[in-house]
Each structure stands twice: as structure tokens, then as C-alpha cells.
Student: 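First the structure, which I've put down as C-alpha cells, then a few questions once you've had a look.
All values derive from a computational prediction rather than experimental measurement. Numbers restart at 1 for each chain; the letters A, B, ... are given by sequence-line order, proteins then strands.
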There are 2 protein chains.
Amino acid sequence: MSEKITIYDIAKKLNITAATVSRALNNNPKIKESTKQLVLETASLMNYKQNKLALALKSGRSNNIGVIVPRIDSNFFASVIRGIEEELYPHGYQVIICQTHENPKRESENLYTLIDAQVDGILMSVTDVNNENDDAFHNVLKKNVPLIFFDRSKHIDGVSSVTINDFKGGYIATKQLINQGCKCIAHLSGDQSLEIFKNRFLGYKQALLDNGITFNEKYVIQSKSSVDAGKKAIDMLLELDSPPDAIFSSSDFAALGVIQELKERNIAIPDDFCVAGFSNEPFTKFMELSITSVDQSPLEMGRMAARVFLEQVEKTDTIKIEKKVVLAPELHIRKSSTRKNS
Amino acid sequence: MSEKITIYDIAKKLNITAATVSRALNNNPKIKESTKQLVLETASLMNYKQNKLALALKSGRSNNIGVIVPRIDSNFFASVIRGIEEELYPHGYQVIICQTHENPKRESENLYTLIDAQVDGILMSVTDVNNENDDAFHNVLKKNVPLIFFDRSKHIDGVSSVTINDFKGGYIATKQLINQGCKCIAHLSGDQSLEIFKNRFLGYKQALLDNGITFNEKYVIQSKSSVDAGKKAIDMLLELDSPPDAIFSSSDFAALGVIQELKERNIAIPDDFCVAGFSNEPFTKFMELSITSVDQSPLEMGRMAARVFLEQVEKTDTIKIEKKVVLAPELHIRKSSTRKNS
DNA sequence: TACTTTCGTGTAATCGATTACATAGTTAAT
DNA sequence: ATTAACTATGTAATCGATTACACGAAAGTA
């Protein structure tokens, strides 16, 4: 059995009270130097470890922060979490992971569970798009638990967020396709109730307009983020009277599906058709026909979200700050959109 | 401000004691039905939420379990974690993530930190190969905290593990290369102090012997799990007097490096050279020249590890069980090792 | 009627650490 | 010499929930 050593055990052994022990361990200046040393030595001798739960109960701070993501087994979210963990680790925080699987109910559950678990903050990428979970979000704010959104955010007063400039991401990707000489550029979007997809779409549209290309609604298809969805989408697009000669996809997976399908049909990439994706998934650069993609610097996003959280807890005295950090997307230009003659 | 409602608040409002409230909420049969109802109604009316920290302190159980992995932003580990989270979520456990970054010191720190945080169990993939952290591991066992290894394990009495049969993984991958008619099969291994790499190597060797191919030490190279490491390794191998005509790599990334380098040298895959990797990383199936790879069913591994943990906590009465679960690897045969004539 | 059960609640200790307040012993100041 | 001001430590409450034990009231038994 494990002998749980408490400050009372130390106190008994030294014939002093637990209060003195506690103070000595916390380096309270009122404690005589000799006692302090004695306590510290005895503590390490007895292999004393502070019980964080007791501390947490007393202080009301658990030193845990909750992270909610749609799923963890996606390179993007895993990388963000890595960034969060790395930034928070030196500050003594532990990271608790929750997944919503894109299910708003789960998101609501996760929020309540984390609050129940007395986390000191919640960092999340939003799943709920229809404001079904407003109660859950307001519950968090009511409890005064710092809430920070990353990537997918919501507009809630007093809530900070770290996102990338999706508009710009859409813009530069589309611009690059235009630079290659593409005239009919299609776009695969996601659920536009989510701002990220809306903004990428708007960036795409603006790039077209800025370059004298008329926007055509028929070129925009809403699809899932999967290889199959990409294949289906390009099938539909190729049946149009004037099929596109390029595509900007909000998902790298869909972009891959597009490429696979085009190859199947012997359409040459990038010569006859250019493709750009979004997220810079690892596989995009590994492919023989590497895929142009917009990088979201997930590691940096996670670090930044963590830093915003830290600022927030440190400055409880100041008025609540709402900080909106927007990271710049970076276009990684690869073979799928690089024509020789350009 | 958030009004923290406790059972004392409910007690005061109803003119009863906190003890009664607690019992009512816990459905204690000794409480009169009418009181029980009253308490439940009042609790929900006042929006009472149990403070898990107080409960944790009293019960000694935090309902948190710690997961330690080398890194989270690898598809394999992220998937394992997903499996763990999904299995444990319905049981009310939260998952705390720690990364070692392959650094034994960090691993030791993580172990102590998790114990300090009073986790109810630790599920981990081992980083330490030189037994530097024996103290940390024994500290966990001394505290009677269930410890379960997955994928990379250590031999410690009383510790359960969930691994895949790496020997078999190495064997079937190598066998497949042999079936394609390859005669000189090289092997890229990892740090053989880690059992997984040792076993994959042994499986490779056995497959050779079983098929009348003499094992040649020069064909075995120890390398990191990266594209560049793969390139370097194949460079060395091709300089041998009798260069290999196939390679089984313990890493998909290294396998990819090999392929890229071979293409660079205009060596035809799979006709002149066959390649098989390990881990079944997502990109292996996405490549135009898809890569044969051994799947480790990470999701299932995570689920299984979680289940072993649950069994362990439920049966504290029984004698400690040491359970060694070994999952079967599955070879995904793809283009990189599929010759037409076979 | 007197005595034993049973039922429903209250009392108070406990988990382990922190901390406001009290107090005994020193030292400094007038 | 007497009081003020420190110093170092002890006492006890607190965080919020659980639970062994105690006890009065109601019900059952002889």
C-alpha cells in the first residue's frame, strides 16, 4: 500500500503544527529559517507530495484547462493541441481533451462536464453553428471561466479568439490559380454556417472580382471534407456547359479526390486543370503531384490561444479583455498549381 | 459573478442539513421519498452542480486519467487517444494529455505530475528505453495507480499492456515482398532498444529464413522516422556491391523517402524495387503510387487500453491482474509492392 | 402498556491544504 | 522599567461533499 504523506504527518514528526509546515513549504517569510529548512528536509525525506486536489478545492483552481475539438485525429487539431500543451506545460496546467464529433449535443455536454470538473479555462473550436448551445456557452461565462475560441469561433461578447484570416486564405489561393492563367475557377466549400468556410468563399469571390473574372454561382459546391466528396463534386462540375479549369477547395481531402478523379479522366494537372486546397495536410506535400495548399499554422494557433488564456487569467483585476488574434495564412505553392510557362 | 451553489445553500433554503441533501442527491434509500423529491427539485431550481473537486478530495478519485505519448500530432497517437477518449467518456472519465517529445526526462516529469494531480490511472506509450525512469514507474505502482502500456511497452510486473504483434507485422510485410519475387530485401529499423522495432526486425529476419533467403546484416539500417532519413538510408544501400531490390521500413515516412529517392534515380517501383512501410499513415493510401503498409489499428488499441484500465479499477478487490493484449497487425497491400505478373 | 425495531434526520468528523486571527516570547523604544 | 512592535507559531475555520454514529419519533410486538 502507498503511504500517503500529508503535511500533518510531517507536523507530527517535527512536533509542530500543520500550519507551520504549510507555511514553510510555501516559503512564507514569517517562518524562521531553521524551521523552514527542517521542514523542507523532512518533507523530502518522507517523500511528501502536495495533494493537488486539496489545493484545488481550497483555492478553487484545478490547474486543468479543457480543450474541445471536433476530433483529435486530424492533423490540424492535433497540432493545435500540441501547441496548447507546449505553451501551458511550463505554467503547470494540464490539458483535458474532449471531442464533439461535430455533434452539438456532445459539445454542450463537454462544456458542462468541463465546468463541473472545475477547469480553469476552456479553449475550443466551435461545432455548434445554429446557436443551439447558447445556454451552455453562457453557463461558462456566468461561472467566469475564461473561454477562448480557436479556428472556428463564435461572436460572443467578451470572448477572445485566435483564428486565421480565412478570407485572405481564400483570396491568395484563388489569386494563384488566376496567376496560372486559369479563367473558370470553381470552389468547393464546407458548411457556410461556419464562418471559416464563409470567409474562404468570400476571399475566393473577391479574388475573382478583383481580377475581372465574373463570379458564377454554379461553380461553387458545398461538400464534405473527404476524398469521395471531392470526386463527386468534380463529377458534377465537369458536366456543366463550360466546365472549370481550376478549383480552390476548402479541404485538402476533397482536393485530393478532385485530383484522383481528374487523373481517372486523363485531364492533365496542372496543365489543363489547376488545384489548390486548404489546411496543408501532411500528405499534400508528400504526393508525387504535390498539392498547393493554404497553411493555417496550427502549432502557432495553439500556442497563441494558450497565451491569450494566460493573459486572461493573470489579469483578473483588469477589465475583461476581448482579444481577437488573427493569424496570416500562408500559401504553399506546389505542383498542382504550377504551370511551367508561368 | 457566478453564484456557486452548494448543498449547504440547498439545505438552508429547505431548513434541513447538508447531510440530508447529500443523501437525497445520492438516492440514499433511507431518505423519505417526499424529501428526496423536494431536494431534487430545489437543486435543479437553484441550478446546483456538484463540485467534483470536493468529491475528488473526499473520495480520493479524480475521475481523470492521464495519457502520455511521445507526441500527439502523429496520426497513430492521435487515433489511439481518440479511441481512449471514446471508450472512457461514457464512464465519466476525462483524459489528460501529456507529451514526452521522446525525452525521458519529460516522461519522468509527466509521470510525477500526473500522480500529483491524483489521476485514477495512466495509459502510456513508453519513451524511456534505458530504464532511466524506473523510479518514476515504481512511484506510480507504489501509489497503486493502474498503469497500462500501449504500443511501446516495458516489462514491469503487474503492468498490463496492449500492443500489436510487431513480429508478425514485420513477418507479413517481408513475406509479401518475397511473394513479389524480391530476393534482396533490406530493412529500415528504428531504435532497437525499443521492443517494437526489435520485434519488427525479428519478424523480417524470420520471414527471410523461412523462405530460404540468407539474412545479411548489411541490409539492415537503423534510421529515424523521417523522409530525409529514408533518403539517406536508401543512398547507402544502393552503394552496396549487391544492392537490394526491396525494402521493408519500420516507418512510413522513411518508406516515402526511399520511394522519392528511387524515383529520382529512375528506379521503377514496384517492377525493379518493392517497398513496404509500417503504421498505415493516411498518406500511404493517398499517394498515386500508394504504399504498402502494416496497419496497427490505433483506434482499437486505444479502446482496448481503456477497457483494460476499466477492468483494472473495477476489480480492485481481486488480485492484481496483469493482462497482455496483443492485437493482430493487418497488411494493406498497395501499389508499391504489387507487381503485375504476380 | 412497555419494549424493541425501524425510519428519517441531525451531528460532527473527514479528505489535505491554506490562512485570518490569536498569542507567547523577543527586541526596541521611551 | 514599561510599553510598543515584531517574530514565530499555534488555533481553528474554510473549501464542498460524504458518511459513521447518534437520536427522537413512529410503528410493531408481546
Student: If you compare every side-chain N and O of B:Thr17 against the phosphate oxygens of C:dT9 (OP1, OP2), does one of them come in below 4.0 Å?
Tutor: no
Student: Indicate, with a heavy-atom threshold strictly under 4.0 Å, whether B:Lys36 touches base, sugar-phosphate, or nothing.
Tutor: nothing
Student: Starting at NZ of A:Lys4 and ending at C1' of C:dT14, how long is that distance when rounded to a whole Å?
Tutor: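 My rounded result for the distance is 15 Å.
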Student: Figure out the CG/C1' separation between B:Asn27 and D:dT18, and round it to whole Å.
Tutor: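 Interatomic distance, CG of B:Asn27 to C1' of D:dT18: 15 Å.
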Student: How do A:Thr20 and B:Asn26 order along DNA chain D: which one's closest nucleotide is nearer the 5' end?
Tutor: A:Thr20
Student: Expressed in angstrom and rounded to an integer, what is the separation of B:Leu55 atom CG from C:dC15 atom P?
Tutor: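 Going from CG in B:Leu55 over to P in C:dC15 covers 15 Å.
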Student: Using whole Å, what does the distance between atom C1' of nucleotide D:dC15 and atom CD1 of B:Ile7 come to?
Tutor: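 After rounding, the reported distance stands at 12 Å.
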Student: Quick one: which of D:dT9, D:dC21, C:dT18 gets closest to the side chain of B:Arg23?
Tutor: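 Comparing D:dT9, D:dC21, C:dT18 against the side chain of B:Arg23, the answer is D:dC21.
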Student: Base, sugar-phosphate, or nothing: which does A:Leu25 touch, judged by heavy atoms less than 4.0 Å apart?
Tutor: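 Nothing: the residue A:Leu25, judged by heavy atoms under 4.0 Å, touches no strand.
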Student: Taking the side chain of B:Thr6 as heavy atoms from C-beta outward, which of D:dG10, D:dA17, C:dT9 is closest to it?
Tutor: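 Shortest atom-to-atom distance from the side chain points to D:dA17.
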Student: Students often get this wrong, so: under 4.0 angstrom with heavy atoms, is A:Leu53 touching a base, only sugar-phosphate, or nothing?
Tutor: nothing
Student: Measure the distance from CD1 on A:Ile31 to P on C:dA17 and round it to the nearest whole Å.
Tutor: 16 Å
Student: Round to the nearest Å and state the distance from B:Ile5 atom CD1 to D:dA17 atom P.
Tutor: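 So the two atoms are 10 Å apart, to the nearest Å.
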Student: Take atom NZ in B:Lys13; do more than 12 heavy atoms of anything else shown fall under 6.0 Å from it?
Tutor: no
Student: With the side chain of A:Lys30 defined as its heavy atoms from C-beta on, choose the nearest nucleotide among D:dT18, D:dT9, C:dA17.
Tutor: D:dT9
Student: Taking the side chain of A:Leu57 as heavy atoms from C-beta outward, which of D:dC15, C:dG10, D:dG10 is closest to it?
Tutor: D:dC15
Student: Provide, to the nearest angstrom, the distance between the CG atom belonging to A:Asn51 and the C1' atom belonging to C:dT14.
Tutor: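 In whole Å, C:dT14 C1' lies 13 Å from A:Asn51 CG.
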Student: Considering all heavy atoms of both residues, which atom of B:Gln312 and which atom of B:Pro146 are nearest to each other, and what is their separation?
Tutor: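 Nearest heavy atoms, B:Gln312 then B:Pro146: CG-CB, 4.3 Å.
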Student: Would B:Glu322 and B:Lys324 count as a salt bridge (charged side-chain N to carboxylate O under 4.0 Å, His left out) if you check the C-alpha gap in whole Å, the side-chain angles of each, and the deciding distance to 0.1 Å?
Tutor: CA-CA 7 Å; B:Glu322 178 181 326; B:Lys324 304 282 185 193; 3.7 Å; yes
Student: Checking side chain to side chain contact (heavy atoms under 4.5 Å, CB included) for the pair A:Val80/A:Phe76: CA distance, chi angles, key distance, verdict?
Tutor: CA-CA 6 Å; A:Val80 174; A:Phe76 174 73; 3.9 Å; yes
Student: Between A:Asn28 (CG) and C:dT18 (C1'), how many Å, whole number?
Tutor: 11 Å
Student: Looking at A:Gln118, I'd like to know whether one of its side-chain N or O atoms comes within less than 4.0 Å of OP1 or OP2 on D:dC15.
Tutor: no
Student: Would you mind telling me which of D:dG16, C:dG16, D:dA8 lies closest to the side-chain atoms of A:Lys32?
Tutor: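 So the nucleotide nearest the side chain must be D:dA8.
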Student: D:dT18 phosphate, OP1 or OP2: any side-chain N/O from B:Tyr8 under 4.0 angstrom?
Tutor: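 No, no such contact exists.
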Student: In terms of side-chain heavy atoms, does A:Glu41 have a donor or acceptor partner in A:Gln37 at a distance below 3.5 Å?
Tutor: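 Note: A:Glu41 and A:Gln37 side chains miss the donor-acceptor criterion.
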Student: Is the shortest side-chain N/O distance from B:Thr35 to OP1 or OP2 of C:dT9 below 4.0 Å?
Tutor: yes
Student: Check the side chains of B:Tyr89 and B:Gln94 for a donor-acceptor pair under 3.5 angstrom, ignoring hydrogens and angles.
Tutor: no
Student: Does B:Lys52 reach a base, just sugar-phosphate, or nothing at all? Heavy atoms under 4.0 Å.
Tutor: nothing
Student: What's the closest nucleotide to the A:Lys58 side chain, out of D:dG10, D:dC21, C:dT18?
Tutor: C:dT18
Student: Considering heavy-atom distances to DNA chain C, does A:Ala19 or B:Ala54 have its closest nucleotide positioned more toward the 5' end?
Tutor: B:Ala54
